[in-house]
Colleague: 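Next up is a structure, given as C-alpha cells.
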Amino acid sequence: MNMRMGWVRLLGAFLMAGAAGFPLTGASQGAASVPESITRAGEHRFTLQHGGLSRDYLVHVPARYRAGTPMPMVLSFHGGGGNMEIQANDRYYGLISHAEQAGYVAVFPNGFSRLRSGKLATWNAGLCCGQARERNVDDVGFVRAVVADVRQRLNIDPDRVFAQGMSNGGMLAYRLACEMADTFAAIAAVAGTDGSPACAPSRPISVLHIHARDDDRVLFNGGSGSASTTHANFVSVPETVAKWARLNGCEAAPRRVLEVPGAWCETRAPCRGGSEVRLCVTETGGHAWPGGRKVLGGQQGSTAIVANDVIWDFFSRR
C-alpha cells in the first residue's frame, strides 16, 4: 500500500510539473503546443522559442478581418537599435493606421537584444548589424517560425505574404528574399541595402528599394556615413538594384514610372516569373521613412512620397 501511494504521489507531482510548464496566453513553444486562434481585432503580443532564445513579435489585426476570408500579411522589421514597439508606433511609421486602411495583417518581429526589454535590438542581415550579426543569430529561422505561428492563429493568404524593413530591417528583408523566396511574394527595403552573405533565391521575387540621396548613415553610393553607428562598408543602392535585376533576369532597361518634385521611381520589368525590380529615390529626407518621422529627434522624413502608399501599391499588384 505504501509503495502504491508513493507511485500515486510521484505521478501527481509529474502531472503538476507538466501543468506548470503550459504556455500562458500569447505564448508559443514550438510544435508541441497548438497556438490559439486570434479572435479579435487590435494588437496582440506573442513569444516563441527559437534557436535557444525567447523571441517576441507583435501582431495588428485590422477591424475588417474575418476568419472566413484569407487576408494579406506584411512583416515589418525595425531598424538597428530599435525594437518592435518603435516600428509599430504610428508617430514614426504610420503602419497601424495603414494596415487598417489597406486591409492587411501587420506583424512586427523583434530583433535580437541582450536586454530583457527587447530594446536596442538588431538583425543578422549578413553585413550588418550588432550582436545579432556577431553571434550569428538565426533570424531567418526566427522569421520562418513567426510566419508559421501567425498562420496558425489567423487566416492568412499564403500567396500574399510580404516583408518590409527600415535600415537594418530593410537589409534583413533582402536576406529573406535570398533565403525565403518560397514564402514572400515581394519585399521592400527603405534606407537599407543588400549585404546578404550569399544569395540564391528559389524563385524570382519582386523587390522595391526606397532611398534618400542625402542618407547620412547608409550612403546612396556605398560606404558608411558620418551618422552611422556601425561604420560598415555598406553596399551602394545602384549595386543592390543591379544585383536583383540580374537575379530576377530583368532584361529591359529601367523605365521611369513616377516623377514628382523631390522624388522619382523607375522600374525594371518584366522579369522572370512576372517579378519586378523598382527603385524610388528621394532627393532629401536623410536616413528616414518617407512620410514618417525619424525615431531620434523626430525630424520628418521626405514628404515627396509616402513610403507606406508606394510599398503597398507595389505589394498589392503581386
Side-chain angles (χ1 to χ4, degrees), residues 57 72-80 87 93 95 98-99 102 104-109 111 123-129 139-144 146-147 150 156-211 218 234-235 237 239-250 265-269 271-280 289-290 307-318:
Y57 71 91
M73 176 169 68
V74 177
L75 277 73
S76 192
F77 301 98
H78 61 77
Q87 192 71 8
Y93 298 101
L95 289 165
H98 191 267
Y104 59 84
V105 172
V107 180
F108 304 92
W123 301 105
N124 179 9
L127 179 65
C128 182
C129 291
D139 279 327
V140 174
F142 168 53
V143 172
R144 284 193 184 276
V146 168
V147 171
V150 177
I156 301 297
D157 185 342
D159 295 325
R160 293 189 293 166
V161 178
F162 308 97
Q164 65 183 20
M166 169 66 191
S167 189
N168 182 206
M171 297 172 192
L172 178 67
Y174 274 119
R175 185 165 190 179
L176 298 177
C178 292
E179 301 183 38
M180 290 181 65
D182 59 323
T183 298
F184 295 104
I187 67 101
V190 178
T193 52
D194 186 358
S196 303
C199 193
S202 59
R203 64 181 183 183
I205 178 171
S206 293
V207 167
L208 167 64
H209 190 95
I210 301 175
H211 216 104
V218 181
F234 295 116
V235 177
V237 173
E239 185 179 349
T240 294
V241 173
K243 169 183 176 177
W244 281 97
R246 185 170 60 252
L247 286 170
N248 283 333
C250 306
C265 298
E266 64 181 23
T267 188
R268 290 162 172 80
C271 309
R272 283 200 308 267
S275 62
E276 177 184 358
V277 176
R278 180 169 294 204
L279 169 64
C280 291
W289 190 270
N308 292 343
D309 295 339
V310 172
I311 292 171
W312 183 246
D313 175 70
F314 185 78
F315 285 170
S316 61
R317 290 183 289 104
R318 300 306 114 201

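Heavy atoms only: backbone and side chains are in, while hydrogens, waters and symmetry mates are out.
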Colleague: What's the separation between atom CZ in F162 and atom CE in M73, rounded to the nearest 0.5 Å?
Modeller: 10.0 Å

Colleague: Decide yes or no for H211 and V218: does some side-chain heavy atom of the first lie under 4.5 Å from some side-chain heavy atom of the second?
Modeller: yes

Colleague: Kindly indicate whether the side chain of F315, heavy atoms from C-beta on, has any atom under 4.5 Å from the side chain of P72.
Modeller: no

Colleague: Should V143 and Y57 count as side-chain neighbours, where that means a heavy-atom distance under 4.5 Å?
Modeller: no

Colleague: Taking all atoms of both residues into account, what is the closest heavy-atom pair of G192 and A189, and its distance?
Modeller: O-CB, 3.5 Å

Colleague: Y93 and H98: side-chain donor and acceptor closer than 3.5 Å?
Modeller: no

Colleague: Measuring from atom CG of D313 to atom SG of C265, what distance do you get when rounded to the nearest 0.5 angstrom?
Modeller: 9.5 Å

Colleague: Once rounded to the nearest 0.5 Å, what's the spacing between atom CG of L176 and atom CZ of R144?
Modeller: 9.0 Å

Colleague: Can you spot which of R246, K243, R175 makes a salt bridge (charged side-chain N to carboxylate O under 4.0 Å, His left out) with D194?
Modeller: K243

Colleague: Could you tell me whether a side-chain N or O of S196 sits under 3.5 Å from a main-chain N or O of G126, the two making a donor and an acceptor?
Modeller: no

Colleague: Which pair of non-hydrogen atoms, one from A125 and one from P197, has the smallest distance, and what is that distance?
Modeller: O-CD, 4.4 Å

Colleague: Give, for atom CG of N168 and atom CG of N124, the distance between the pair rounded to the nearest 0.5 Å.
Modeller: 9.0 Å

Colleague: Rounded to the nearest 0.5 Å, how far apart are CZ of F314 and CD1 of I210?
Modeller: 9.5 Å

Colleague: Looking at every non-hydrogen atom in both residues, tell me the closest pair between V190 and W289 and how far apart they are.
Modeller: CG2-CZ3, 3.6 Å

Colleague: How many angstroms lie between atom CE of M166 and atom CZ of F77, to the nearest 0.5 angstrom?
Modeller: 15.0 Å

Colleague: If you take all heavy atoms of Q87 and G79, which pair is closest and at what distance?
Modeller: OE1-N, 4.3 Å

